[in-house]
Amino acid sequence: MIRGEIVEVIDRVKVGTDEFNAPIYELQKTTVDNVLVIPGPSQDISDGNRPDGVIVAFTLHFPKTYLGDLEGRDVLVRGKPFSVIGSPQRYTEGNTPGAWNMQAEVEAVYG
């Protein structure tokens, strides 16, 4: 039987405003169990300003039990932060007989 990993989805939640009426945000973490984590391609950054730079990517398959939105979020995968790319959408229920119904690509840039 396939079993996924635990990841944490990080969201910025507005909790109020300061004395200048600027928004105040807090980070809120949601733990999601049984996420399939598939390593993606790692690639060097060809920019001459970042000779040691590398992009690390994963494809994550979220279970049907996760009902949140991933657009604009970060995800902790194996303890490291990754940014969600784009606006992941759920598959049609009739097309997903298994436990997972949403695919998200995430990436991080190091160096």
Side-chain angles (χ1 to χ4, degrees):
M1 176 184 238
I2 298 174
R3 179 78 181 136
E5 301 178 28
I6 294 173
V7 301
E8 289 184 297
V9 177
I10 303 170
D11 190 14
R12 284 181 5 136
V13 177
K14 183 177 176 181
V15 294
T17 56
D18 64 13
E19 63 272 9
F20 301 107
N21 208 28
I24 299 172
Y25 294 95
E26 286 185 0
L27 296 181
Q28 182 180 50
K29 293 181 183 179
T30 302
T31 301
V32 184
D33 193 12
N34 198 22
V35 176
L36 299 180
V37 178
I38 297 135
S42 293
Q43 58 186 346
D44 293 333
I45 297 174
S46 58
D47 183 353
N49 294 326
R50 299 177 80 170
D52 296 326
V54 65
I55 297 173
V56 179
F58 285 104
T59 300
L60 307 178
H61 293 272
F62 280 79
K64 292 177 180 178
T65 56
Y66 177 70
L67 303 176
D69 184 22
L70 291 173
E71 183 176 3
R73 307 298 193 277
D74 288 331
V75 181
L76 288 177
V77 180
R78 299 175 182 165
K80 296 191 178 180
F82 290 83
S83 297
V84 174
I85 299 170
S87 178
Q89 301 297 310
R90 286 172 179 75
Y91 298 131
T92 304
E93 188 65 32
N95 293 334
T96 52
W100 303 273
N101 69 344
M102 184 168 47
Q103 174 181 314
E105 293 183 13
V106 298
E107 72 177 6
V109 178
Y110 297 101

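Residue numbers run from 1 in the order of the sequence given. Just so we're clear, the structure is a prediction, and the values are computed from it rather than from any experiment.
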> For Tyr91, what residues pass the side chain to side chain donor-acceptor pair (under 3.5 Å) criterion, not counting sequence neighbours?
Replying inline: Gln103
>> Show, in sequence, the C-alpha distance, side-chain angles and deciding distance for His61 and Ile38, and conclude whether the side-chain contact (heavy atoms from CB on, under 4.5 Å) test is met.
In response: CA-CA 8 Å; His61 293 272; Ile38 297 135; 3.1 Å; yes
> Do you know the tightest heavy-atom contact between Ala99 and Asn34?
Replying inline: CB-ND2, 4.4 Å
> Would Arg78 and Glu5 pass as an ion pair if we require N to O under 4.0 Å?
Replying inline: yes
>> Measuring only between side-chain heavy atoms, which start at C-beta, is Val75 closer than 4.5 Å to Val84?
In response: yes
> Do you know which two heavy atoms are closest between Asp74 and Ser83, and how far apart they sit?
Replying inline: OD1-OG, 3.2 Å
> So how far is it from Arg73 CZ to Asp11 CG, rounded to the nearest 0.5 Å?
Replying inline: 3.5 Å
> Are Asp33 and Arg3 close enough, and set up right, to give a salt bridge (Lys or Arg N to Asp or Glu O under 4.0 Å), and what steps lead you there?
Replying inline: CA-CA 9 Å; Asp33 193 12; Arg3 179 78 181 136; 2.6 Å; yes
>> Ignoring hydrogens, what is the shortest heavy-atom contact between Arg90 and Leu67? Give both atom names and the distance.
In response: NH2-C, 3.0 Å
> In Å and rounded to the nearest 0.5 Å, what is the CD1 to CZ distance from Ile10 to Phe82?
Replying inline: 11.5 Å
> Rounded to the nearest 0.5 Å, how far apart are CD1 of Ile24 and NZ of Lys14?
Replying inline: 9.5 Å
>> I need the minimum non-hydrogen distance between Leu70 and Ala104, along with the two atoms involved.
In response: CD1-CB, 3.8 Å
>> Hydrophobic cluster membership, with links at side-chain heavy-atom distances under 4.5 Å among I/L/V/M/F/W/Y: are Leu27 and Leu76 in one?
In response: yes
> Going through the distances and angles, do Tyr66 and Val9 end up as a side-chain contact (heavy atoms from CB on, under 4.5 Å)?
Replying inline: CA-CA 10 Å; Tyr66 177 70; Val9 177; 3.7 Å; yes
> Would you say the side chains of Ser87 and Gln89 form a donor-acceptor pair under 3.5 Å?
Replying inline: yes
>> With a 4.5 Å cut-off on side-chain heavy atoms, are Trp100 and Val35 touching?
In response: no
> Would you say the side chain of Leu60 lies within less than 4.5 Å of the side chain of Leu36, judging by non-hydrogen atoms?
Replying inline: no
>> With a 4.5 Å cut-off on side-chain heavy atoms, are Glu8 and Val32 touching?
In response: no
> Can you name the closest pair of heavy atoms from Pro39 and Phe58 and give their distance?
Replying inline: CA-CD2, 3.6 Å
